[in-house]
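Data first, discussion second: the structure below is written as structure tokens.
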2 protein chains.
Amino acid sequence: MTDQTPPRTHPVRVLLAEDQGMMRGALALLLGMEADIEVVAQVAAGDEIVAAALAHRPDVALLDIELPGLSGLDAAAELRERVPGCRVLILTTFGRPGYLRRAMEAGAAGFLVKDGPVEELAGAVRRVLAGETVVDPALAAAALSAGPSPLTGRECDVLRASADGATVADIAAALHLSESTVRNYLSAAIGKTGTRNRAEALRAARQRGWV
Amino acid sequence: MTDQTPPRTHPVRVLLAEDQGMMRGALALLLGMEADIEVVAQVAAGDEIVAAALAHRPDVALLDIELPGLSGLDAAAELRERVPGCRVLILTTFGRPGYLRRAMEAGAAGFLVKDGPVEELAGAVRRVLAGETVVDPALAAAALSAGPSPLTGRECDVLRASADGATVADIAAALHLSESTVRNYLSAAIGKTGTRNRAEALRAARQRGWV
DNA sequence: CGCCACCCGTGACATTTGTCCTCCCGAACT
DNA sequence: AGTTCGGGAGGACAAATGTCACGGGTGGCG
């Protein structure tokens with residue numbers, strides 16, 4: 001069903017997932033200008049990725065992380081299962097160490113930050129297709145030093161739900177928990193992040209990719 | 001600077017200020033592909049904008065808002081003074097109503113969100129150069145409905161300083177105020193925004209461009 | 001001159017938040 | 001069998017936060 005890799009028979013088929021229309025369009029045009037690359041699908045939401053991949057069978061999926069619907073990282077994990085043979089290249093605004101680790105756990109083949117020069121992009125696509133793993137060395141080091149998340153699943157949920165000034169009652173209602181439980185989880189998260197309150201805890205956890 | 005054809009004598013000279021390398025490069029390539037547009041300068045930081053504009057005398061400055069060093073909005077105001085004749089087109093990720101109002105107060109000639117299609121971009125540059133004011137109508141309505149800020153200068157300062165989980169003590173120390181005073185200002189800001197705590201107040205104020 | 005808005009500060013108070021302790025349950029591992 | 005870990009919950013308590021009433025001071029303006 002999937003072709004092995006002889007020299008190079010046809011252009012690289014790329015799926016592009018990016019929510020910002022201007023960025024998406026610009027990247028598509030950019031990649032399209034490369035002779036050996038063809039953008040076969042563009043989506044703006046995370047929950048459209050798998051369907052599009054099944055329909056267009058891309059060789060490489062270029063995924064943003066912050067996407068409406070489904071995170072690019074979650075989509076990457078799902079792609080790994082449902083569309084094997086499609087390599088995932090994460091392209092994100094934030095070079096958070098934790099994002100990198102989560103990307104790797106999700107089976108991504110590469111991790112690019114949008115800060116870099118555009119020339120990197122086409123090269124990274126080709127290298128990923130060739131089986132290489134593309135990662136910024138400095139970022140890789142930072143990711144290793146950060147360590148894995150000490151937060152439990154529920155602690156994560158509660159912390160996430162505490163964003164934007166939600167009260168304990170709000171969080172409890174949203175997650176169908178008792179207020180006592182919410183406070184306990186928040187306290188645990190604050191302790192594990194070594195911070196002083198939810199806001200700081202959330203910030204720290206995000207920074208380290210623990211959410 | 002040699003050919004002369006009455007309506008349009010030379011290509012539109014564009015200055016591009018955008019911190020994300022990939023976005024910047026992609027936009028530059030994109031605009032460069034238009035026959036009548038020439039990107040004469042690219043900068044990645046807000047505090048390089050004026051210098052670059054003085055050096056390259058662009059017709060249109062395409063400015064991101066979130067920039068290191070100096071905000072694109074502040075840069076726009078400075079351009080208005082030091083480089084008159086250079087029209088400012090704001091290009092931003094967030095279509096916050098308040099950003100629009102502040103952009104207009106800073107003398108911007110146009111306001112684009114990065115969500116839109118890429119085709120909009122070149123057209124907007126041309127329309128701005130022609131003297132038109134380019135604004136998304138829906139966004140304009142939202143900006144007007146939000147009204148001017150009811151927050152006093154100090155309330156703003158305190159609210160800004162409350163970001164990222166800073167405690168009352170932190171804010172007081174940072175602004176050289178008493179803790180009581182900080183709490184009073186926070187309370188006032190919460191009241192004026194119609195919210196329940198600092199985090200919500202800050203969020204609301206940002207949303208409406210009051211910070 | 002008063003009046004008003006803004007600035008800065010206290011003190012008292014109710015509510016919320018964060019901490020620590022207890023307990024129960026089920027799954028997993030030894 | 002026991003132990004550990006995660007989820008869920010309750011109570012008690014201290015600290016932080018938010019509210020309110022009140023006092024100053026300054027500067028602009030009719």
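Just so it is clear: chains get the letters A, B, ... in the order the sequence lines come, proteins before strands, and each one is counted from 1.
- In this structure, B:Arg24 does not pair ionically with B:Asp64, as no charged nitrogen and carboxylate oxygen lie closer than 4.0 Å.
- If you check D:dA9, D:dG18, D:dT17 against the side chain of A:Leu177, the one that comes closest is D:dA9.
- Counting non-hydrogen atoms under 4.0 angstrom, A:Ser187 reaches a base of the nucleic acid.
- Note on B:Arg154: only backbone sugar-phosphate atoms sit closer than 4.0 angstrom, heavy atoms only; bases stay farther off.
- We find that CD of A:Glu200 is positioned 16 Å from P of C:dT17, with the value rounded to whole Å.
- At whole-Å resolution of the value, NZ in B:Lys192 and C1' in C:dA5 are 10 Å apart.
- A donor-acceptor distance shorter than 3.5 angstrom exists from the side chain of B:Arg160 to the backbone of B:Val211, with no hydrogens or angles considered.
- Taking the nucleotide of DNA chain C with the nearest heavy atom to each of B:Thr152 and B:Glu179, the more 5' of the two is matched to B:Thr152.
- For the side-chain contact (heavy atoms from CB on, under 4.5 Å) test with B:Phe111, the passing option among B:Val88, B:Thr92, B:Leu89 is B:Thr92; the others fail.
- Atom P of nucleotide D:dG8 and atom NE2 of A:His176 are separated by 11 Å, given to the nearest angstrom.
- Not one side-chain nitrogen or oxygen of A:Ser180 sits closer than 4.0 Å to the OP1 or OP2 atom of D:dG8.
- For B:Glu155 and C:dA5, the CD to P distance is 13 Å, given to the nearest whole Å.
- Base engagement by B:Asn184 is indicated by at least one non-hydrogen atom pair under 4.0 Å involving a base atom.
- Between A:Ile171 atom CD1 and C:dT16 atom P there is a gap of 13 Å when expressed in whole angstrom units.
- Distance, B:Leu186 CG to D:dC20 C1': 15 Å, rounded to whole Å.
- Heavy atoms of A:Gly153 sit under 4.0 angstrom from primed sugar atoms or phosphate atoms, though from no base atom.
- Considering B:Arg127, B:Arg87, B:Arg126 in turn, B:Arg127 is the only one that fulfils the salt bridge (Lys or Arg N to Asp or Glu O under 4.0 Å) rule with B:Glu132.
- Open room surrounds CZ on A:Arg203; 12 or fewer heavy atoms of other groups in view lie less than 6.0 Å from it.
- A:Arg183 has its CZ atom 14 Å from the P atom of D:dC13, to the nearest Å.
- Distances shown here put every side-chain N or O of A:Arg196 at or beyond 4.0 Å from the OP1 or OP2 atom of C:dG18.
- Closest to the side chain of A:Val168, from the set D:dT19, C:dT17, D:dG7, is C:dT17.
- At whole-Å resolution of the value, CG in B:Asn197 and C1' in C:dT17 are 11 Å apart.
- Between B:Ser178 and C:dC8, a side-chain N or O to OP1/OP2 separation shorter than 4.0 Å is absent.
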